[in-house]
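Here the structure is a predicted model, which means the values were calculated and not measured. We name chains A, B, ... by the order of the sequence lines, and we start the count at 1 in each one. The basis for the numbers below is simple: all heavy atoms, side chains too, and nothing from hydrogens, waters or symmetry mates.
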Amino acid sequence: MNPKRCAACKYLRRRCPKDCIFAPYFPPNDPAKFACIHRIYGAGNVSKMLQQLPEQTRAEAVESLCFEAKCRVDDPVYGCVGIIHLLQTQIQNAQNELAKTQAEVAVAQTNLSQTQNSDF
Amino acid sequence: MRGHEPRSSSSCAACKLLKRRCTPTCIFAPYFRSSDLITFAKVHKVFGASNVSKLLGEVPEEQRQETVNSLAYEAEVRLKDPVYGCIGAIASLQKKMLELQHDLAVARTRLLAHSGVSNHVSQLDNSPELAAFLDLVPYSDLMLLDGSTSLDAYLYDLGQPPFV
């Protein structure tokens, strides 16, 4: 048993075994991290998800789950999908702006060559 | 004799999957019709039915369909990419936005250069050369000019807005 329980086992009020799947990713000094992820996904689901992943990818998976859980707590309706929508809208606007500016460049280039031709 | 209680004529997808009676006040029924079994299965696998029920209970009724839609999307993406989920999609979109910002900066500089030269002909004006230089500098290096340590750090710093 871990002498110091991880944040997950502290939250769940259980013993923290040596091979606790949560322990490497939920240190005891950050209880809010596990509380947030448990609120949205549930400890059981997170445990299953981590068990299905290769060990070297679990840290990244926990960070992405934590981010998504935090987004969902902050915005219960859209979660991180709200960020995706916002980015897609802004990309569309930027693409339109780029097309408009490139068209203006083409016109300016045409005007410039006409000016240069008339100078000669 | 069994079956005294009235049964719903058709269970919603949630109650079908959870193998329970679908009541008239079932919180899932309006959003997971019996034909939405696969969608509910994905949402249940990622979030769990009781968490979804709590989430739906926390939002106003008129926003529950949107909530279900976004949960279904997140679950779908998480199951396809179990490590990064939606964060992978966000990082990809941020990268696209950075590329567009670079392209827009190049185009605007060119426009200024050509507009400037066409209005004030000057042999000393080297703005078109600057525009050509910007063409040669990869967008990743442009971003590094603002002091960011690496593009990856910029991409995953989702606490900051990715652009102004």
Side-chain angles (χ1 to χ4, degrees), chain A residues 38-45 48-50 52-54 57-65 67-68 70-73 75-88 90-95 97-116 119, chain B residues 44-48 50-51 54-56 58-60 63-67 69-74 77-79 81-90 92-94 96-97 99-101 103-104 106-119 121 128 131 156 158-159 161-163:
Chain A
H38 176 57
R39 180 177 163 182
I40 301 302
Y41 296 104
N45 286 337
K48 273 186 229 167
M49 281 193 252
L50 292 179
Q52 286 165 3
L53 290 172
T57 63
R58 287 176 188 170
E60 292 282 315
V62 165
E63 291 311 307
S64 71
L65 285 166
F67 180 83
E68 286 188 35
K70 187 167 184 314
C71 286
R72 185 59 66 174
V73 166
D75 182 354
V77 179
Y78 295 106
C80 68
V81 179
I83 298 176
I84 291 175
H85 285 159
L86 182 65
L87 282 169
Q88 286 174 331
Q90 290 179 322
I91 283 171
Q92 186 61 58
N93 291 343
Q95 284 171 331
E97 182 68 25
L98 180 63
K100 179 171 160 263
T101 306
Q102 285 173 336
E104 287 172 1
V105 168
V107 168
Q109 278 175 330
T110 306
N111 289 344
L112 178 61
S113 18
Q114 282 174 352
T115 304
Q116 285 173 341
D119 283 349
Chain B
H44 178 50
K45 186 164 182 183
V46 174
F47 296 99
S50 65
N51 288 334
K54 274 185 226 164
L55 276 166
L56 290 178
E58 285 168 7
V59 302
Q63 292 185 305
R64 286 179 186 167
Q65 184 62 65
E66 287 291 300
T67 305
N69 292 346
S70 70
L71 287 169
Y73 181 84
E74 263 191 62
V77 176
R78 178 59 64 175
L79 290 171
D81 184 353
V83 179
Y84 294 108
C86 283
I87 306 311
I90 290 172
S92 179
L93 289 169
Q94 282 186 312
K96 176 77 185 168
M97 192 64 207
E99 289 169 5
L100 280 168
Q101 279 185 304
D103 292 345
L104 201 48
V106 168
R108 282 175 177 159
T109 304
R110 276 197 184 133
L111 185 62
L112 280 172
H114 288 113
S115 300
V117 171
S118 68
N119 290 332
V121 178
Y156 288 101
L158 295 169
F163 39 79

Of the non-hydrogen atoms in B:His114 and A:Leu112, which two are nearest, and what is the gap between them?
-> CD2-CD2, 3.6 Å
Segment of B:Phe47 engaging chain A (4.5 angstrom heavy-atom cut-off) = both
How long is the span from the CD1 atom in A:Ile84 to the CD1 atom in B:Ile90, to the nearest 0.5 Å?
-> 5.0 Å
Using ring pair (Phe, Tyr, Trp, His ring centres under 6.0 Å) as the criterion, list what pairs up with A:His38, not counting sequence neighbours.
-> A:Tyr11, A:Phe34
Roughly how far, to the nearest 0.5 Å, is the CD1 atom of B:Ile87 from the CD atom of A:Glu63?
-> 10.5 Å
Here the pair of heavy atoms bringing A:Val105 nearest to B:Arg110 is CG2-CB, 4.1 Å
By a 4.5 Å heavy-atom criterion (distance strictly below it), what part of B:Val59 contacts chain A: side chain, backbone, both, or neither?
-> side chain
Note: B:Met97 and A:Ala94 closest approach over all heavy atoms is CE-CB, 3.6 Å
Contact part of B:Glu58 toward chain A, heavy-atom cut-off under 4.5 Å: side chain, backbone, both or neither?
-> side chain
Highest number of heavy-atom pairs under 4.5 Å with chain A: which of B:Gly48, B:Cys86, B:Ser50, B:Pro82?
-> B:Cys86
So which heavy atom on A:Glu68 is nearest to which on B:Tyr84, and how close?
-> OE2-O, 3.7 Å
Across all chains, not counting sequence neighbours, the side chain to side chain contact (heavy atoms under 4.5 Å, CB included) partners of A:Cys71 are A:Phe67, A:Cys80, A:Ile83
Just give me the residue among A:Arg58, A:Arg72, A:His85, A:Gln109 that pairs up with chain B most often, heavy atom to heavy atom, under 4.5 Å.
-> A:Arg72
If every non-hydrogen atom of B:Thr67 is compared with every non-hydrogen atom of A:Pro76, which pair is closest and at what distance?
-> CG2-O, 3.5 Å
Once you round to the nearest 0.5 Å, how far does NZ of B:Lys45 lie from CE of A:Met49?
-> 9.5 Å
Is any NZ, NE, NH1 or NH2 atom of the basic residue among B:Arg108 and A:Glu97 found under 4.0 Å from an Asp or Glu carboxylate oxygen of the other?
-> yes
Rounded to the nearest 0.5 Å, what separation is found between the CG atom of A:Leu98 and the CD atom of B:Gln101?
-> 11.5 Å
So which part of B:Leu56 gets closer than 4.5 Å to some heavy atom of chain A, the side chain, the backbone, both or neither?
-> neither
To the nearest 0.5 Å, atom CG of A:Asn45 lies from atom CZ of B:Arg78 at 12.0 Å
Okay, B:Leu104 and chain A: the region with an atom under 4.5 Å from a heavy atom over there is both
Can you tell me how far the CG atom of B:Leu100 sits from the CD atom of A:Gln90, to the nearest 0.5 Å?
-> 11.5 Å
Might you point out which heavy atoms bring B:Ser70 and A:Val81 nearest each other, and give the distance in Å?
-> O-CG2, 3.7 Å
Name the option with the most non-hydrogen atom pairs under 4.5 Å to chain B; the candidates are A:Val107, A:Thr101, A:Leu50, A:Thr57.
-> A:Thr101
